[in-house]
Trainee: 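Take a look at the following structure, please.
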Amino acid sequence: MTDAAALPGQPRGGVLTGPATARAVNVLAPNASPMTLDGTNTWIVSEPDSDLAVVIDPGPLDEGHLTNVVDMAEKAGKRVALTLLTHGHPDHAEGAARFAELTRARVRALDPALRLGDEGLGAGDVIKVGGLELRVVPTPGHTADSLCFHLPADRAVLTGDTILGRGTTVVAHPDGRLGDYLDSLRRLRSLTVDDGVRTVLPGHGPVLEDAQGAVEYYLAHRAHRLAQIETAVENGHRTPSQVVAHVYADVDRALWPAAELSVRAQLDYLEEHGLIQ
């Protein structure tokens, strides 16, 4: 068995519903799949002595899951006062409108189409609810509307799909762009270096205890994949499907459609930088 401390980001055991930090509690959605890993992590975040909570990514439109999130908050003596979305993919955001009906809480997101209420989210925004402070960190790349949320009091960052608790994420071409994604990873690295962030609370997979190690692994992985794809193109593998079959041969074939999205984004990046023609 591999020691978790030796894995990228030092994952913390399995993915469990329950407390992850002093202020963050996970409620795991029942939507496990090759793409969503164990399921979507829905985060309830609050100050320990507050009766107000923020929910990040209510998840899929699953009535049992949504009511479970409400029940978990209420059992802790808290009312959901606000919902935030890391991005608009259905496994994170599809249940947001129904969740708003259950909680009567506004939904804030970068994409205006996902908001329920007047306020959106943007760079530099600081969200304060019941003494809790969350800082909005724009992290486009996985999707154009991807955001992370810095939780300074716990030295943690909630990353949605930008960094996962296991494996690596998809740059969802054409909405996602690799150049943006690399910039976002560097932005997260600066949080670990300059702001003391230690813990990753991901949208899927286990909590990561070594945030800087996780970011460095992601950057190294992307550099390695880019080099592989550049070599594959030089060797005559010209189409995205050909590149996937060559470069991702050791990856579960169920993930090849997602891998092709990332390959398309990487091919665009290589073309933009004049590395392939």
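We count residues from 1, following the sequence as given.
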Trainee: Strictly distance-based, threshold 3.5 Å: is any side-chain N or O of Arg12 a donor or acceptor partner for the main-chain N or O of Leu208?
Mentor: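 Side chain of Arg12 to backbone of Leu208, a donor-acceptor pair under 3.5 Å: no, none is there.
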Trainee: Indicate the ring-plane relationship of His92 and His87, choosing parallel, tilted or perpendicular according to the 30° and 60° boundaries.
Mentor: tilted
Trainee: Do the side-chain N and O atoms of His89 and Thr143 include a donor-acceptor pair separated by under 3.5 angstrom?
Mentor: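 Checked: His89/Thr143 side chains show no N/O donor-acceptor pair below 3.5 Å.
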Trainee: So do the side chains of Ser46 and Arg23 get within less than 4.5 Å of each other, counting heavy atoms only?
Mentor: no
Trainee: With a 4.5 Å limit on heavy-atom distance, are the side chains of Thr159 and Thr86 in contact?
Mentor: no
Trainee: Verify, without hydrogens or angle tests, whether Gln266 (side chain) and Ser262 (backbone) share a donor-acceptor contact under 3.5 angstrom.
Mentor: yes
Trainee: Judged by atom type as modelled, is there a donor-acceptor pair below 3.5 Å linking the side chain of Thr17 to the main-chain atoms of Leu28?
Mentor: yes
Trainee: Where the side chain of Asp111 meets the backbone of Ala113, is there a donor-acceptor pair that is under 3.5 Å apart?
Mentor: yes
Trainee: Quick check: does any side chain N or O of Trp256 sit under 3.5 Å from a backbone N or O of Ser241, one acting as donor and the other as acceptor?
Mentor: no
Trainee: Are any of the side-chain heavy atoms of Val233 and Arg238 separated by less than 4.5 Å?
Mentor: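 In short, these two side chains touch, coming nearer than 4.5 Å.
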Trainee: For Thr40 and Asn31, test the side chains for any donor-to-acceptor distance below 3.5 angstrom and give the result as yes or no.
Mentor: yes
Trainee: Flag the pair Ile56 / Leu134 as yes when at least one side-chain heavy-atom distance between them is below 4.5 Å, and no otherwise.
Mentor: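 Contact flag for Ile56/Leu134 side chains = yes.
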